[in-house]
Every structure is written in structure tokens, then in C-alpha cells.
Peer 1: 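Just dropping this structure here.
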Amino acid sequence: MKQIFRLELTVPEVDFHRATGFLTLRVPFGWEEQSRPTGETVFRVHCENPDFIQSLRQDSLAWLPGAVCTVENLEAQDWLAAWRQFFTPVVCGRFVVLPPWLADDPAFADKTPIIIEPKSAFGTGHHATTALCLEVLSGLLDAGRVHAGQRFLDLGTGSGVLGIACCKSGLHGLGLDIDPLAVENAEENRRRNAVPQLELGLGGVEAAVGTGYDVILANILARPLTEMAPDLVRCLAPGGCLVLSGLLDIQAEGVIAAYAAQGLPVPRQAAQESWRALVWE
């Protein structure tokens, strides 16, 4: 049994779009949404990580000063059983992200499985930005631009989905995250997927500078991607592929400009919903 924490955010009608934008950036695993006759909307986020919930509470009050925000502890339940009722596999090109209880599902026999234990705050591949990266990686593998034997960097690894996908495609490399709980979760998933060639570490891009990577995947946010442009470009081996994700439509041009300033050409863009991935290949 696991304890679950619930953050409830009530926002006035005028702040609805601002609230959904905030939650889209901060809560990759989703939320509940309820409209009231008064025009207000109630958003509910459930998570087993109390530090994540408290951080989200503080940020939501700063981002949405007109909102009412509460946090409560819920009674312990069989949350794994609840997950099983609505968790759906995520198919992205040659990959499929599956929970452990669907690991042997014959419906996905032609896909490369990535087995992820659903844990709040670290991602399961359902968010459009992760799915975009997997689709892009699949296309690069199909085109031969990425291939077995290459070294990769997965920056902001989270649950380790992208790094595991690379390793199951014959690559080896490093997954980094600034959140120690994310690194711990990625370590669990590394063992679950039997990919010892995935090295994991705590830190940001500074922990990778000095090594040339054939493939760099960074699924983060627009601002840090912009700020770390010089370091990321230095990490890229000559002729390597760089994939940036976590960008809203309106943010893409600003990030492209930051990398153009480092000498990179205009990238290819991949889109899903209101999100963009930038691909230098």
C-alpha cells in the first residue's frame, strides 16, 4: 500500500488557460479537471511524492495568485490496481512503453518494449514531449543516422525512458537528472529493462561537458535548453544528432535562435499537439 497526496487547485475562469499551461509544463503524468457552474475550474493532481506536491503547491501559488490551493493526504489504497484500470501502452514508432503487467503482451511483439513502472512525477511516455522524442529517435534509427555502437546523452532522464530506448537499440551512454528521486526511479527501470550499458548520474549538462556524444536527447523546458546551448553544443560529437523537446509552439523560434548563435543550422521540427521537438541530424 502506498500513501497518496492530492493537490487541489481552484482557479477562476479568467485563469483557466494559464493554469492548464502551468500544469502541462509541471505535471507530465496528468491531472483531473472539474468545471463548476460558477465558471471556476478545479484541478486535482495525485502523487506519491510529497516533495513534488509541496513544490508544485509553492509554484502554483506564485504562478496563479488568484487560485485557491490545498494539499491533503489520502487513505492508502491498492494504487497499482487503480493504475491497471486505465494505463494504456504508448506506441512510438518502433518502440512501445509498457507497464510490467503488460510486458509479455503479444499485441506488441513487433515493437521494442520499454518497461516502466508507473510512478508519479517521473513520466511514463504518455506526455507528448516524451512521445515526440521516441518518435524522432525511431525515425533516426530507421534512417541509419543513429545506430548501434554510438554513445548518447539523455539529459533530464526522468524515468529513463529515452535512455532505455537507446540502449535497447544497441547504443550506450549516460542519463543525467538534477532530481535524485528521478535518478533513483531511472535506476529501477534500468534494472527492470536489463540495460547495464545505461550509466546514470545526478547533475545537469555540466556533468557531461568534455565528452563527445553521437546522440544527445534533452527533454526539458525552453528556458534551460536556451541557457545551456553553449554547453550542449560542446558535448555534441562532430556529425552527431541533437534532439531537443519540452517546447511549446511559441517557444521553438527562441530556442532555435540560441543554437543558431552557437553555429548550428536551422533544425527540422516535429510536432505533437501544441509541442515541438527540434532535430539537428
Side-chain angles (χ1 to χ4, degrees), residues 17-18 20-28 59 63 92-93 95 123 125-147 150-158 161-163 165-166 171 173-178 203-281:
H17 292 295
R18 185 173 176 85
T20 54
F22 167 75
L23 292 171
T24 297
L25 292 171
R26 287 297 313 276
V27 188
D59 291 347
W63 189 261
C92 303
F95 303 106
H126 286 78
H127 196 278
T129 60
T130 307
L132 264 176
C133 283
L134 286 173
E135 291 277 5
V136 168
L137 176 61
S138 181
L140 292 172
L141 286 161
D142 290 344
R145 280 294 290 119
V146 173
H147 55 80
Q150 291 183 316
R151 181 165 175 78
F152 70 86
L153 171 64
D154 175 18
L155 192 61
T157 192
V161 169
L162 300 179
C166 286
L171 287 78
L174 174 64
L176 291 172
D177 205 292
I178 60 174
V205 67
E206 70 283 350
V209 171
T211 301
Y213 295 90
D214 302 299
V215 184
I216 297 178
L217 304 165
N219 181 20
I220 312 178
L221 293 172
R223 182 173 179 178
L225 287 175
T226 299
E227 293 173 347
M228 65 179 64
D231 288 336
L232 268 182
V233 172
R234 279 199 295 271
C235 288
L236 190 64
C241 295
L242 173 63
V243 180
L244 307 182
S245 190
L247 315 173
L248 291 167
D249 294 342
I250 59 174
Q251 299 171 323
E253 292 305 319
V255 176
I256 290 171
Y259 286 80
Q262 303 302 316
L264 294 190
V266 175
R268 171 169 65 89
Q269 296 190 37
Q272 188 173 129
E273 299 171 7
S274 58
W275 298 95
R276 289 287 184 275
L278 308 179
V279 186
W280 286 269
E281 52 191 314

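No hydrogens, no waters, no symmetry mates; every other heavy atom, side chains included, goes into these values. Computed from a predicted model, the values in this text were never measured in an experiment.
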Peer 1: Any idea which heavy atoms bring T20 and H17 closest together, and the distance?
Peer 2: OG1-O, 2.9 Å
Peer 1: Below 4.5 Å, heavy atoms only, C-beta onward: do F22 and D59 meet side chain to side chain?
Peer 2: yes
Peer 1: Which pair of non-hydrogen atoms, one from L134 and one from C92, has the smallest distance, and what is that distance?
Peer 2: CB-CB, 3.5 Å
Peer 1: Restricting to non-hydrogen atoms, name the atom on L176 and the atom on A208 that form the minimum distance, rounded to 0.1 Å.
Peer 2: CD1-CB, 4.0 Å
Peer 1: Using a cut-off of 6.0 Å, state whether more than 12 heavy atoms not belonging to I178 lie near its atom CD1.
Peer 2: no
Peer 1: Just jot down the side-chain hydrogen bond (donor to acceptor under 3.5 Å, both in side chains) partners of E227, sequence neighbours excluded, or say none.
Peer 2: R223
Peer 1: Check whether any side-chain heavy atom of T211 sits under 4.5 Å from a side-chain heavy atom of C235, and report yes or no.
Peer 2: no
Peer 1: Check whether any side-chain heavy atom of V215 lies under 4.5 Å from a side-chain heavy atom of L140, and answer yes or no.
Peer 2: no
Peer 1: Holding to salt bridge (Lys or Arg N to Asp or Glu O under 4.0 Å), I want the full list of residues that pass it with R145, two or more places apart in sequence or in another chain.
Peer 2: none
Peer 1: Do you know which two heavy atoms are closest between A277 and L132, and how far apart they sit?
Peer 2: N-CD1, 3.9 Å
Peer 1: Could you tell me if the side chain of R151 sits less than 4.5 Å from the side chain of L174, heavy atoms only?
Peer 2: yes
Peer 1: Report yes if some heavy atom in the side chain of L248 is under 4.5 Å from a heavy atom in the side chain of W275; otherwise report no.
Peer 2: yes
Peer 1: Closest heavy-atom contact between C133 and L162?
Peer 2: CB-CD2, 3.6 Å
Peer 1: Between Y259 and L225 (side chain of the first, backbone of the second, donor and acceptor by atom type, cut-off under 3.5 Å), is there such a pair?
Peer 2: yes
Peer 1: Identify, with sequence neighbours excluded, every residue that meets side-chain hydrogen bond (donor to acceptor under 3.5 Å, both in side chains) alongside N219.
Peer 2: T129, T130
Peer 1: Find out whether L217 and C166 are in side-chain contact, i.e. whether some heavy atom of one side chain is under 4.5 Å from a heavy atom of the other.
Peer 2: yes
Peer 1: Could you tell me which residues satisfy side chain to side chain contact (heavy atoms under 4.5 Å, CB included) with I256, sequence neighbours excluded, listed by chain and number?
Peer 2: E253, P267, Q269, L278
Peer 1: Do you know which two heavy atoms are closest between D177 and G158, and how far apart they sit?
Peer 2: OD2-N, 2.9 Å
Peer 1: Do F95 and L137 have side chains that get closer than 4.5 Å, going by heavy atoms?
Peer 2: yes
Peer 1: Once rounded to the nearest 0.5 Å, what's the spacing between atom CG of L221 and atom CD of Q251?
Peer 2: 7.5 Å
Peer 1: My understanding is that only residues two or more places apart in sequence, or in another chain, count here; which of them pass salt bridge (Lys or Arg N to Asp or Glu O under 4.0 Å) with E281?
Peer 2: R268
Peer 1: With a cut-off of 6.0 Å (strictly less than), are more than 12 heavy atoms of other residues, nucleotides or ligands near CH2 of W280?
Peer 2: yes
Peer 1: Got a sec, which residues hit side-chain hydrogen bond (donor to acceptor under 3.5 Å, both in side chains) with E135, two or more places apart in sequence or on another chain?
Peer 2: none
Peer 1: Under the criterion side-chain contact (heavy atoms from CB on, under 4.5 Å), I'd like the reasoning laid out for I220 against M228: C-alpha separation, chi angles, the key distance, then a yes or no.
Peer 2: CA-CA 11 Å; I220 312 178; M228 65 179 64; 4.2 Å; yes
